[in-house]
*Asks:* 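Let me begin by handing over the structure; questions about it come next.
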Amino acid sequence: MLRMSTLFLRTLREDPSDAEVPSHRLLVRAGYIRRAAPGGFTWLPLGWIVYRKVEAIVRAEMDAAGFQEVHFPALLPREPYEATGRWTEYGPNLFRLKDRRDNDFLLAPTHEEMFTLVVKDLFSSYRDLPVSIYQIQTKYRDEARPRAGLLRGREFVMKDSYSFDVNDDGLRESYRRHREAYIRTFDRLGLPYVIVSAMSGAMGGSASEEFLAPLEVGEDTFVRCTACDYAANTEAVRVAAPDIAAATAGPSRVVDTPGTPTIDSLVDHLNGDADLTRSDRQWAASDTLKNVIIKLVHPDGRVEPLAIGVPGDREVDMKRVEAQVSPAEPAPFGDADFANYPMLAKGYIGPGSLGLNSASGIRYLVDPRVVANSAWVTGADRAGHHVVDLVCGRDFTPDGLIEAAEVRDGDPCPECGAPMESARGIEIGHIFQLGRKYAEALDLKVLDADGELVTVTMGSYGIGVSRAVAAIAETSHDDAGLIWPRAVSPADVHLVIAGKEGGPQRPAAEVLAAELEAAGMSVLFDDREGVSPGVRFKDAELIGVPTIVVVGRGIDDGLVEVKDRRSGERSDVAIGEVVAHLRSLVSA
RNA sequence: CGGGAAGUGGCGCAGCUUGGCUAGCGCACCUGCUUUGGGAGCAGGGGGUCGCGGGUUCGAAUCCCGCCUUCCCGACCA
């Protein structure tokens with residue numbers, strides 16, 4: 001039993017000034033957490049109870065799925081991370097430190113290397129696989145900007161799992177089992193989520209999905225179809241490509257378009273010149289093909305120019321580009337770069353000067369909407385000139401496709417064609433078919449049935465445990481305070497005494513509290529003396545136990561009040577029946 | 001990393017422009033009395049290196065320089 005008279009708790013009447021998002025505000029105000037360091041929080045007793053309940057549910061579902069728990073140090077030597085290149089690749093987000101002998105160490109931001117090495121250490125046969133192991137561990141990332149309390153800290157708790165299989169079929173099965181375990185976990189946590197397709201990072205990536213709690217305060221933008229169940233992170237959205245059977249446009253022709261370096265000016269010119277107007281409709285920005293040049297900086301330092309062609313009504317979304325070209329980094333193509341490519345007429349760049357086999361030799365990738373037989377107005381590689389009716393596949397051939405164009409509300413779903421809508425969410429889980437990257441880097445191989453060495457294929461799967469606490473608070477609160485789902489509430493029942501000191505309420509409440517505990521329910525008991533009823537009610541609402549029981553003025557008639565925190569509904573229940581009544585509520 | 005705002009008892013804030021007596025207010029905390037179904041009243045208390053370091057000055061929360069931290073927007077971020 002948690003007695004508020006002795007509980008290590010102090011609620012705040014006012015919002016802390018540095019807290020913006022509701023979960024941060026309320027968790028601090030209600031006495032669950034306290035800021036201890038930039039991006040680091042102390043868990044107070046109520047908060048730690050909730051945290052452990054969340055952790056227990058995560059652990060129970062991992063165990064139920066047959067995954068085995070291990071535990072690594074957070075403080076690790078440099079070497080394994082050097083072997084995979086991440087000592088440098090992780091950049092400034094990695095906490096690095098030295099021991100007394102000047103050896104490099106790090107505080108692990110994630111543990112792929114260690115899991116890979118421990119499996120290599122123990123196992124060497126296909127007979128040992130598949131295996132999935134996990135840990136619940138404190139992670140460290142030197143975030144440029146910790147924010148929103150528990151939602152993005154520099155120290156946080158993550159459940160990370162890794163699967164090890166001999167082949168791709170096995171990986172897919174391990175991935176499926178984790179996906180189902182995650183669905184069960186988030187369902188039990190009472191956390192709403194959307195499963196979205198995500199970018200796996202490296203080119204030619206394998207399957208990756210994120211579990212996003214759909215919340216405005218979230219940092220991830222995703223789109224979902226209004227008709228079917230397609231949903232994807234913005235970076236990973238696939239564009240629905242039209243199917244055009246044959247080119248209907250006439251032969252391409254170069255036209256004079258003086259002073260039209262922008263798409264808007266070009267469209268205005270096309271619609272304003274009698275020789276160029278269309279018979280069927282006005283020209284639109286989406287009829288034009290805009291070619292944007294960027295630079296890619298590869299991890300080895302090599303710099304490669306890249307041309308991206310998108311419909312003129314859309315911007316190139318650098319986040320989407322980055323996700324496509326990772327691990328290379330996109331960078332702007334500046335005036336100095338243009339000087340090296342005199343064949344590029346800025347503002348009038350067209351496919352004629354682009355492509356690996358062209359004069360520039362610049363790789364040319366286009367949006368999937370630029371399909372075979374589609375006709376475009378695009379630059380003629382001469383200032384003041386454009387080409388009309390340039391048909392893809394007939395008049396030019398790109399080097400490939402790239403998903404780089406911005407995504408908009410209302411864009412058609414790639415699955416069913418219905419309009420999609422965008423929303424924001426908090427990433428609470430991520431499942432990812434890693435493949436052989438780490439196994440190759442760290443030489444994790446097993447003997448197969450034929451006695452041949454094969455490289456193991458891996459999956460990695462994460463749940464932000466401390467973030468999940470904040471996400472639950474974020475999805476479940478009102479103006480008065482938190483409202484915990486029963487599965488993670490710090491108590492089953494919040495029992496409040498409301499009556500004059502010395503009256504019958506206190507002894508009756510003491511008896512009731514003991515009976516509730518005896519019946520298997522956990523009780524947060526407001527047994528404080530000299531505290532006015534208003535304070536008790538406000539604190540109860542702030543703390544957010546889903547069921548509040550008031551032993552008050554009804555006690556003379558043998559009645560106590562049962563309040564539902566979420567709905568606000570109250571009902572009087574005979575004190576002799578309240579234990580059974582509450583037990584049915586709590587177990588419902 | 002760029003732009004903006006801000007650091008004063010546990011929490012929320014004032015004071016700073018124009019340097020000066022004991023650094024003030026509300027909440028919280030302690031003592032006493034009253035009060036007890038929606039953040040009570042009265043009286044009396046305790047608690048603050050004014051973010052850190054340096055400088056100017058007879059004198060700095062206040063002015064100057066540097067740094068750190070927090071929040072917001074952007075960049076960044078399995």
Side-chain angles (χ1 to χ4, degrees), chain A residues 9-21 24-25 28-31 34-35 37-40 44 84 86 89-94 108-113 139 141-149 151-154 156 158 160-162 198-202 205 208-211 217 219-220 233 235 318-319 322-323 326-327 329-332 427 429-434 437-438 458-464 467 480-481 496-503 505-506 528-542 548 550-555 560-561 563 568 570:
Chain A
L9 170 74
R10 183 110 293 144
T11 58
L12 302 176
R13 191 177 292 210
E14 289 170 281
D15 288 335
S17 65
D18 61 350
E20 197 65 25
V21 301
H24 185 195
R25 230 173 51 222
V28 172
R29 258 191 76 194
R34 207 74 156 163
R35 197 190 87 94
L44 299 174
T84 54
R86 291 213 295 183
E89 250 179 46
Y90 225 94
N93 268 27
L94 189 64
T110 168
H111 278 80
E112 279 83 358
E113 284 83 353
K139 308 289 186 187
R141 293 185 193 175
D142 192 356
E143 295 284 350
R145 189 176 147 209
R147 55 179 292 271
L151 286 175
R152 177 168 294 279
R154 299 207 292 180
F156 58 96
M158 178 159 83
D160 49 329
S161 313
Y162 303 85
M199 285 309 296
S200 41
S208 168
E209 289 168 294
E210 288 173 356
F211 288 70
V217 299
E219 300 178 300
D220 290 294
N233 202 310
E235 283 87 341
M318 290 310 281
K319 281 195 160 185
E322 195 176 339
S326 171
E329 300 263 340
E427 183 182 351
H430 194 165
I431 53 177
F432 186 3
Q433 294 184 20
L434 261 185
K437 173 180 172 181
Y438 291 92
M458 295 168 55
S460 80
Y461 317 90
I463 289 177
R467 176 182 280 184
V496 171
I497 300 172
K500 283 187 179 149
E501 214 45 66
Q505 284 86 1
R506 176 172 292 271
R528 292 175 294 181
E529 291 185 26
V531 175
S532 69
V535 172
R536 296 178 198 271
F537 295 143
K538 291 287 187 191
D539 275 348
E541 280 155 7
L542 183 58
I548 300 167
V550 181
V551 180
R553 59 193 168 200
I555 196 67
V560 298
E561 183 177 293
K563 286 206 284 193
R570 348 172 147 193

*Asks:* Quick check for you: among B:rA28, B:rG26, B:rU36, whose closest atom lies nearest to any side-chain atom of A:Pro533?
*Replies:*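 Output: B:rU36.
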*Asks:* For nucleotides B:rU18 and B:rA23, find the distance between their P atoms and express it as a whole number of Å.
*Replies:*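 Looking at atom P only, B:rU18 and B:rA23 are 24 Å apart.
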*Asks:* Contact class for A:Asp160 vs. all strands (heavy atom < 4.0 Å): base, sugar-phosphate, or nothing?
*Replies:* nothing
*Asks:* Give one of base, sugar-phosphate or nothing for A:Glu112, where a contact means two heavy atoms less than 4.0 Å apart.
*Replies:*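 No contact.
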*Asks:* Select base, sugar-phosphate, or nothing to describe what A:Lys139 touches, counting heavy atoms under 4.0 Å on all strands.
*Replies:*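 Result for A:Lys139 = nothing.
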*Asks:* Mind checking the C1' distance from B:rU22 to B:rA61? Whole angstroms is fine.
*Replies:*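 Per the computed distance, 15 Å lies between those C1' atoms.
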*Asks:* Let me spell it out: for each of A:His24 and A:Gly464, pick the nucleotide of RNA chain B with the closest heavy atom. Which residue's pick is nearer the 5' end?
*Replies:* A:His24
*Asks:* Could you measure between the two P atoms, the one in B:rC65 and the one in B:rG9, and give it in whole Å?
*Replies:*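 My reading of the P atoms in B:rC65 and B:rG9 gives 24 Å.
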*Asks:* Taking only the P atom of each, what is the distance from B:rG12 to B:rG51 in whole angstrom?
*Replies:* 14 Å
*Asks:* When we call it a touch if two heavy atoms are under 4.0 Å apart, what does A:Arg570 touch: a base, just sugar-phosphate, or nothing?
*Replies:* base
*Asks:* Just call it for A:Val28: base, sugar-phosphate, or nothing, with non-hydrogen atoms closer than 4.0 Å on any strand.
*Replies:*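 Nothing, no nucleic acid heavy atom in range.
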*Asks:* Considering non-hydrogen atoms only, spot the tightest contact between A:Arg536 and A:Arg528 and give its length.
*Replies:* NH2-O, 2.6 Å
*Asks:* Looking only at atom P, what distance separates B:rA43 and B:rC25, rounded to whole Å?
*Replies:* 13 Å
*Asks:* If you only use heavy atoms from C-beta on, which nucleotide in B:rC27, B:rA78, B:rC72 is closest to the side chain of A:Thr110?
*Replies:* B:rA78
*Asks:* What contact category does A:Arg10 fall into here, base, sugar-phosphate, or nothing, at under 4.0 angstrom with non-hydrogen atoms?
*Replies:* sugar-phosphate
*Asks:* Which nucleotide in the set B:rU70, B:rG12, B:rU36 lies at the smallest distance from any side-chain heavy atom of A:Pro16?
*Replies:*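 Nearest to the side-chain atoms of A:Pro16, counting from C-beta on, is B:rG12.
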